[in-house]
Amino acid sequence: MPQSMTIPEKPNPGGRGALSRQANCFSCQIKDRTEWCALEEDELREVNRSKVCNSYEPGQVIFYQGNPCLGIHCIEEGTVALRKFDEQGNTLLARLFHAGDTLGYLAYFSSQGYSGTAEALTACRICFVDRAAIRHLLERNPALGVRFLRRIADNLREAEDSKLRIVAVPLRARVAHLLLALRDRFATVADDGSLTLQLPLSRMDIAAMVGARPESISRVIRHFESHGIADFDGRTVKIPDLDLLLDICEEAGNS
């Protein structure tokens, strides 16, 4: 959908997902992987009181590109895609976010609208902290701001590394690298050691992630299938021997 116009936020500040049971920040399993680990006990208690927790089904939108930033989202469970739209409505998958990642902080610190649309790829549970609470926490605890600065620096480094891979790494190796990156979250292992991935991505999304055209991805898939490296059936990918994927990445690194 074209994103040239701003879409009004729903009354629910965390998006249009259903309100779910209130999570406890003190017992959160992913807290230590988030920026909130910099908070003192009383500050974490403040977050616990002020946040709103929402559950999202696949395909539901957390926030829309161009809308004003109302706060920051923290992913407790699930995978979220950040999609960017041009004025003609063409979409590009810019990045994936997983449990422990934070959404919306760039828009918050820049005081601009969201740079993309956040969409749940899997069933998600996401906590939302509004602007006023975040501003108060940043004033009380500068270490929280430092954590967000580190996150921004890491994102810039990852973006630079991604650009370098597109230029320097063959496409087959980029696709192999993506499959390997997704296996920990979306793969099951059979008794014989083979893997089955249930991808949350379409082939168009895969192309966007590795910086290629969809038709080029189709050629890579045919190569993988003809050489017994991986078999693609819709979004189900069967990998009979993980070493074959690893070999592709290693050969690219040595070339």
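- At a threshold of 4.5 Å between non-hydrogen side-chain atoms, the residues I152 and Y105 count as touching.
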Apply the test salt bridge (Lys or Arg N to Asp or Glu O under 4.0 Å) to residues R151 and D154: give CA-CA distance (whole Å), side-chain angles for both, the deciding distance (0.1 Å), then the verdict. CA-CA 5 Å; R151 176 79 71 161; D154 288 343; over 6 Å; no
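- No donor-acceptor pair closer than 3.5 Å links the side chain of S111 to the backbone N or O of A107.
- Judged purely by atom type and a 3.5 angstrom limit, E35 has no side-chain atom pairing as donor or acceptor with the backbone of G145.
- For the atom pair T102 OG1 and Y108 OH, the distance stands at 13.5 Å (nearest 0.5 Å).
- Between V61 and Y64, the closest side-chain pair of non-hydrogen atoms falls below 4.5 Å.
- In the hydrophobic clustering of this structure, L180 groups with I206; members are Ile, Leu, Val, Met, Phe, Trp, Tyr whose side-chain heavy atoms approach within less than 4.5 Å, directly or through other members.
- In this structure, the ring of H73 has its center less than 6.0 angstrom from the ring center of F63.
- D101 places a side-chain N or O within donor-acceptor distance of the main-chain N or O of H98, the cut-off being under 3.5 Å.
- Side-chain contact check for S216 and R213: no donor-acceptor pair (N or O, by modelled atom type) lies under 3.5 Å.
- Taking all atoms of both residues into account, the shortest heavy-atom contact from F186 to P200 is CZ-CG, 3.7 Å.
- T34 and C74 get closest at one heavy-atom pair: CG2-SG, 3.8 Å.
- Considering only heavy atoms from C-beta on, L137 comes within 4.5 Å of V47 through its side chain.
- Atom CZ of R95 is separated from atom CD of E158 by 5.0 Å, given to the nearest 0.5 angstrom.
- Among all heavy-atom pairs drawn from C127 and E76, the shortest one is SG-OE1, 4.2 Å.
- The CG atom of L106 sits 9.5 Å away from atom CD1 of I72, with the distance rounded to the nearest 0.5 Å.
- For the pair A176 and I248, the tightest heavy-atom approach, listed with the atom from each and the gap, is CB-CG2, 4.1 Å.
- The distance from the CZ atom of R147 to the CG atom of N141 is 10.0 Å, given to the nearest 0.5 Å.
- Taken to the nearest 0.5 Å, the CG atom of L93 stands 8.0 Å off from the CG atom of L82.
- Taking hydrophobic clusters as Ile, Leu, Val, Met, Phe, Trp and Tyr residues chained together by side-chain heavy-atom distances below 4.5 Å, L182 shares a cluster with L246.
- Taking each heavy atom of A207 and P214 in turn, the nearest pair found is CB-N, 3.9 Å.
- The side chain to side chain donor-acceptor pair (under 3.5 Å) test with H136 singles out one residue from E43, E46, R131, and that residue is E46.
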The test is side-chain contact (heavy atoms from CB on, under 4.5 Å); show your working for V129 and S50 and say whether it passes. CA-CA 7 Å; V129 185; S50 63; 4.2 Å; yes
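- Within the 4.5 Å cutoff, the side chain of F224 has heavy atoms near those of the L245 side chain.
- You'll find the side chain of I239 stays beyond 4.5 Å of the side chain of T196, heavy atoms only.
- How far OG1 of T91 is from NZ of K84: 10.5 Å, rounded to the nearest 0.5 Å.
- Put simply, F232 and M209 are part of the same group of oily side chains (I, L, V, M, F, W, Y) that touch within less than 4.5 Å, one to the next.
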Does the side chain to side chain donor-acceptor pair (under 3.5 Å) test come out yes or no for D233 and T236, once each step is laid out? CA-CA 5 Å; D233 182 11; T236 300; 5.9 Å; no
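- Between I62 and I126 there is a side-chain heavy-atom pair separated by less than 4.5 Å.
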If you apply the rule side-chain contact (heavy atoms from CB on, under 4.5 Å), what do you find for V210 with I217, and how did you get there? CA-CA 9 Å; V210 299; I217 297 300; 3.6 Å; yes
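- Within a 6.0 Å sphere centred on CD of E215, heavy atoms belonging to other residues, nucleotides or ligands number more than 12.
- Annotation: side chain of L70 is not in contact with side chain of D130 (no heavy-atom distance under 4.5 Å).
- A donor-acceptor contact closer than 3.5 angstrom is absent between the side chains of S115 and Q65.
- The closest side-chain heavy-atom distance from H227 to L244 is not below 4.5 Å.
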List the steps and the verdict of side-chain contact (heavy atoms from CB on, under 4.5 Å) for L242 and R183. CA-CA 10 Å; L242 186 62; R183 64 175 169 145; 2.9 Å; yes
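- Residues F97 and L92 do not share a hydrophobic cluster, defined by chaining ILVMFWY side chains whose heavy atoms lie under 4.5 Å apart.
- Side-chain N or O atoms of R125 include none that pairs as donor or acceptor with a backbone N or O of I75 at under 3.5 Å.
- No more than 12 heavy atoms of other residues, nucleotides or ligands lie within 6.0 Å of CZ in R172, so this atom counts as exposed by the packing criterion.
- Between the Q60 side chain and the E57 main chain, a donor and an acceptor come within less than 3.5 Å of each other.
- Side-chain N/O atoms of S194 and K238 include no donor and acceptor closer than 3.5 Å.
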Kindly determine whether L201 and L121 satisfy side-chain contact (heavy atoms from CB on, under 4.5 Å), including the steps that lead there. CA-CA 8 Å; L201 306 174; L121 283 185; 3.8 Å; yes
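- In the hydrophobic cluster analysis, where Ile, Leu, Val, Met, Phe, Trp and Tyr join through side-chain heavy atoms closer than 4.5 angstrom, L179 is grouped together with V189.
- A salt bridge between R45 and D42 is absent, with no side-chain N of the basic residue lying under 4.0 Å from a carboxylate O of the acidic one.
- Using cut-offs of 30° and 60° for the angle between ring planes, the F148 and W36 rings count as perpendicular.
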